Amino acid sequence: MSSSPEQSFLATSLRSDTCGLLRRTDVGRTVRLGGWVHRSRDLGGLVFIDLRDRTGLVQLAFGPAWTAADVQSAAAAVGVESVVLVEGEVVARESDRVNPEMPTGEVEVRVTSLKVVGPAVTPALPVARGRGDKMPAEELRLRHRYLDLRRPELQANLVLRHRLMQVTRRFLSDRGYLELETPILTKPTPEGARDYLVPSRVHPGEFYALPQSPQIYKQLFMCCGYDRYFQIARCFRDEDLRADRQPEFTQIDIEASFIEREDILSLAEGLIGALWREAGHEAPAHFDRMSYADAMEFYGCDRPDMRYDLRLRDFSSVFAPLDFAVTSNALASGARVRGLVVPGGAAWSRKQVDELEALAKGAGAGGLLRLRRADGAYDGPVAKFLTDDARDAFGLADGDLALFVAAPDRISSPALDRVRQECARRLELVDDAAQRFLLVMDFPMFEEDPTTGALAAVHHPFTAPHPEDMKAFPDTPARWRALAYDVVLNGTELGGGSIRTSDPAVQSRMFALLGIGDEAEQERRFGFLLEGLRAGAPPHGGIAFGFDRIAMLLSGAPSLRDVIAFPKTTAARSLFEGAPVAVPADDLAELHIAVREASRSRSANSPEGTA
RNA sequence: GGGGGCGUAGCUCAGCUGGUUAGAGCACUCGACUGUCACUCGAGAGGUCGCGGGUUCGAGCCCCGUCGCUCCCGCCA
């Protein structure tokens with residue numbers, strides 16, 4: 001007998017039901033349950049235990065009227081987090097004994113037999129937490145992950161993660177995408193992030209690399225005619241961490257053949273919609289779009305948060321006629337004066353505006369110019385140079401504050417981006433409930449090093465340039481746009497991709513522009529992909545989503561570490577199993593590796609784990 | 001690589017301007033309790049104040065170094 005479809009899946013030889021799904025409809029049934037002692041209350045004559053399993057909690061009741069004395073004393077003695085098997089009758093609680101805060105609160109199980117099958121030592125961290133209890137330090141949660149993972153909140157996150165994976169698989173499989181695997185032991189890629197290296201025992205002095213992404217392989221699948229590929233792929237990057245960045249992370253990796261940009265974008269919209277619906281959220285059928293150029297121009301950022309407007313403006317023409325050295329010099333050197341008008345910002349104190357300037361300076365700006373209009377008067381360093389025309393052109397309402405950066409765009413954009421975000425936060429313009437999706441289109445193909453002028457690929461070297469741009473500006477590749485796109489939500493990048501170069505001639509040109517024109521060098525780095533492309537490549541392209549980040553957003557978790565079962569710390573350490581560890585000299589010798597004594601980490605305080 | 005924050009009992013924290021024997025709540029142990037649901041009540045046990053060095057008559061507190069966690073910049077798509 002089962003009370004729900006899930007219940008029937010979870011019944012086993014040892015249990016008839018699970019804890020969290022028992023309801024009034026189960027009253028009268030004799031059930032066998034297994035679970036962890038979440039909490040217990042010993043009233044002397046009566047004992048209550050809240051029993052927990054993946055599905056939730058149910059109250060077990062032990063009393064002399066239905067429980068044998070030895071069973072009751074065993075119940076009183078069992079410690080929290082011990083695993084027990086019980087048998088008893090599901091009973092309706094009297095109305096004044098109902099617990100409305102528990103889904104199972106209308107019933108309890110009157111236990112007749114109890115077996116402690118997994119006695120637990122006193123837990124190092126509390127699993128059951130009272131209202132208002134603070135969370136244990138993250139360090140301890142990670143060190144005792146076997147306890148932290150028992151917490152219903154974390155279990156809910158991982159369950160959601162599972163469901164999102166299944167939705168992804170179904171969505172893509174239903175559309176003809178094949179889930180194909182690619183190697184974990186692969187070849188170092190010179191592009192992008194640092195690789196994790198794995199020494200080869202068989203080949204002295206040679207190394208595998210863990211993949212930063214399956215990029216090259218998925219393109220090869222296209223060359224091989226698999227037409228549509230996806231993978232929920234583990235990727236590795238040996239870079240410093242953030243709250244939303246782990247050294248080992250999961251991507252939804254997608255590639256398709258005989259497609260153009262729109263095909264991938266509508267697939268992406270559909271997949272995001274399916275994921276959002278699975279988590280009980282809404283996502284629009286089509287996302288707003290913005291060019292990279294506009295994003296940088298109006299928001300100073302390639303992933304603008306569209307929950308608020310507060311756009312940047314170009315004030316160069318307003319400043320041009322003014323006899324103001326700071327801005328005239330900037331304008332004379334070819335830079336612009338950009339800024340934003342903050343409604344109501346005139347009310348901010350000198351100190352508050354100084355804080356904004358500190359943000360701008362932190363992003364590389366020399367300073368932040370201010371112009372305030374309060375009580376009909378203008379003040380700030382710009383004020384005394386104002387002409388009537390300029391005054392009108394700024395368009396400040398009374399109470400407004402205008403902030404400017406006079407610098408090249410590559411400096412003013414990030415500076416004003418930070419200022420804009422902080423202003424929005426202060427003005428409480430950010431609607432936390434809002435979800436504003438955005439497709440950022442037409443990224444530039446190359447990034448120019450400001451000092452050397454060398455070109456670097458913004459996306460990666462296999463991204464296809466806009467054909468029209470190649471035609472229109474054949475000799476100024478810095479102006480080429482790429483057929484690349486990002487999916488952005490509320491200022492966070494969810495994923496990105498591009499149409500790839502399938503024409504070997506274009507690919508060679510790209511390499512030449514990137515300074516790897518030497519064919520031997522190309523072969524050394526990307527030979528196996530180039531071979532594949534030359535052997536007949538269909539037009540293809542794809543996209544990849546940061547799966548952990550999506551799971552984090554949809555679960556409302558504050559950190560990636562709360563949607564990954566066994567995450568690393570910001571020092572890329574695993575406190576639970578204690579990785580990484582020093583390795584005995586013999587093991588290193590077998591790998592043909594010697595570690596310089598000076599570079600041995602002397603972490604006296606490193607986790608005393610299982611090394 | 002750089003900057004900020006944190007580190008005191010198993011957990012969360014307090015600890016005054018450097019001064020007697022380092023405290024509280026929860027958890028734990030023992031005892032009492034027949035309707036609790038963060039049960040309640042009584043008693044008890046529990047400390048290398050992250051680690052090392054220094055200043056001082058005296059350091060949880062000040063200084064230097066170091067380890068760990070965390071947030072951010074650089075880095076990373």
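None of these values were measured; they are calculated from a predicted model. In the text below, chain A, chain B and the rest are named by the order of the sequence lines, each starting its count at 1.
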**Student:** Check whether the side chains of A:T182 and A:Q231 place a donor and an acceptor atom closer than 3.5 Å, and report yes or no.
**Tutor:** yes
**Student:** Any side-chain donor paired with an acceptor under 3.5 Å for A:R500 and A:S498?
**Tutor:** yes
**Student:** Let me spell it out: for each of A:R110 and A:D302, pick the nucleotide of RNA chain B with the closest heavy atom. Which residue's pick is nearer the 5' end?
**Tutor:** A:R110
**Student:** Is there a side-chain contact between A:R143 and the phosphate of B:rG68, meaning an N or O under 4.0 Å from OP1 or OP2?
**Tutor:** no
**Student:** May I ask you to say what A:R561 touches in the nucleic acid, namely base, sugar-phosphate or nothing, with a heavy-atom cut-off under 4.0 Å?
**Tutor:** sugar-phosphate
**Student:** Does any donor-acceptor pair link the side chain of A:D96 with the base of B:rG35 at a separation under 3.5 Å?
**Tutor:** no
**Student:** Grab the CZ-C1' distance between A:F62 and B:rG35 for me, whole Å please.
**Tutor:** 15 Å
**Student:** Let me know, please, whether A:L140 or A:M102 comes out on the 5' side of the other along RNA chain B by nearest nucleotide.
**Tutor:** A:L140
**Student:** Under a 3.5 Å cut-off for both distances, is B:rC11 Watson-Crick or wobble paired, and to whom?
**Tutor:** B:rG25
**Student:** Applying a 4.0 Å non-hydrogen cut-off, can you work out what A:A65 is touching in the nucleic acid: base, sugar-phosphate, or nothing?
**Tutor:** nothing
**Student:** Does A:T569 place a side-chain N or O at less than 4.0 Å from the phosphate oxygens OP1/OP2 of B:rC69?
**Tutor:** yes
**Student:** Roughly how many Å is it from CG in A:L125 to P in B:rA9, rounded to a whole number?
**Tutor:** 13 Å
**Student:** As an exercise, state the distance from CG of A:L210 to OG1 of A:T186, rounded to the nearest 0.5 Å.
**Tutor:** 9.0 Å
**Student:** For B:rC28 versus B:rC64, give the span between their P atoms, rounded off to a whole number of Å.
**Tutor:** 42 Å
**Student:** Out of B:rU36, B:rU34, B:rU70, which has the shortest distance to the side chain of A:L142?
**Tutor:** B:rU70
**Student:** Tell whether A:E139 reaches the base of B:rG50 with its side chain through a donor-acceptor pair below 3.5 angstrom.
**Tutor:** no
**Student:** Just verifying a value: how many Å separate A:R303 CZ and A:D486 CG, rounded to the nearest 0.5 Å?
**Tutor:** 9.5 Å
**Student:** At 4.0 Å (heavy atoms only), tell me whether A:Q215 reaches a base, stays on the sugar-phosphate, or touches nothing.
**Tutor:** nothing
**Student:** Expressed as a whole number of Å, how far does the C1' atom of B:rU34 sit from that of B:rU40?
**Tutor:** 14 Å
**Student:** With rounding to the closest Å, how many angstrom separate the C1' atoms on B:rU55 and B:rU8?
**Tutor:** 22 Å
**Student:** Mind checking the C1' distance from B:rG5 to B:rG42? Whole angstroms is fine.
**Tutor:** 42 Å
**Student:** Given the C1' atoms of B:rA27 and B:rU21, what is the spacing between them in whole Å?
**Tutor:** 25 Å
**Student:** From B:rC69, B:rC75, B:rA77, pick the nucleotide closest to the side chain of A:R237?
**Tutor:** B:rA77
**Student:** Give me the distance, rounded to whole Å, that separates B:rC6 from B:rC16 when you measure between the P atoms they each carry.
**Tutor:** 15 Å
**Student:** With rounding to the closest Å, how many angstrom separate the C1' atoms on B:rC33 and B:rC41?
**Tutor:** 8 Å
**Student:** Give the nucleotide from the list B:rC13, B:rU34, B:rA38 with an atom nearest to the side chain of A:P64.
**Tutor:** B:rU34
**Student:** So, is A:R242 near the phosphate of B:rC73, with a side-chain N or O under 4.0 Å from OP1 or OP2?
**Tutor:** yes
**Student:** B:rG15 and B:rA24: how far apart are their C1' atoms, nearest whole angstrom?
**Tutor:** 11 Å
**Student:** What about A:R93, does its side chain sit under 3.5 Å from the base of B:rC37 through a donor-acceptor pair?
**Tutor:** yes
**Student:** Just checking, any donor-acceptor pair under 3.5 angstrom between side chains of A:T55 and A:D53?
**Tutor:** yes
**Student:** Going by atom types only, do A:Y229 and A:D253 share a side-chain donor-acceptor pair under 3.5 Å?
**Tutor:** yes
**Student:** Base, sugar-phosphate, or nothing for A:D42, non-hydrogen atoms under 4.0 angstrom?
**Tutor:** base
**Student:** Tell me whether the side-chain N/O atoms of A:R131 come closer than 4.0 Å to OP1 or OP2 in B:rA38.
**Tutor:** yes
**Student:** Considering just the side-chain nitrogens and oxygens of A:R41, establish if one lies under 4.0 Å of OP1 or OP2 belonging to B:rA38.
**Tutor:** no
**Student:** If you check every side-chain atom of A:T570, which of B:rU34, B:rC11, B:rU70 has the closest atom?
**Tutor:** B:rU70
**Student:** Between A:N157 and A:E153, do the side chains contain a donor N or O and an acceptor N or O under 3.5 Å apart?
**Tutor:** no
**Student:** Could you tell me the Watson-Crick or G-U partner of B:rG68, where both distances fall under 3.5 Å? Say none if there is no partner.
**Tutor:** B:rC6
**Student:** If you measure from the Lys or Arg side-chain nitrogens to the Asp or Glu carboxylate oxygens, is any gap between A:R23 and A:E106 under 4.0 Å?
**Tutor:** no
**Student:** Would you mind pulling out the nucleotide paired to B:rG31, Watson-Crick or G-U wobble, both distances under 3.5 Å?
**Tutor:** B:rC41
**Student:** Which listed nucleotide (B:rC37, B:rC73, B:rC69) is nearest to the side chain of A:N99?
**Tutor:** B:rC37
**Student:** If I take atom CD in residue A:E248 and atom C1' in nucleotide B:rC76, what distance separates them, rounded to the nearest angstrom?
**Tutor:** 16 Å
**Student:** Heavy atoms under 4.0 Å, any strand shown: does A:V458 hit a base, just sugar-phosphate, or nothing?
**Tutor:** base
**Student:** Any idea which of B:rG10, B:rC37, B:rC39 is nearest the A:A124 side chain?
**Tutor:** B:rG10
**Student:** Remember a base hit wins even if backbone is also touched, and classify A:L43 as base, sugar-phosphate or nothing at under 4.0 Å, heavy atoms.
**Tutor:** base
**Student:** Is the distance from OP1 or OP2 of B:rC26 to the nearest side-chain N or O of A:R129 less than 4.0 Å?
**Tutor:** no
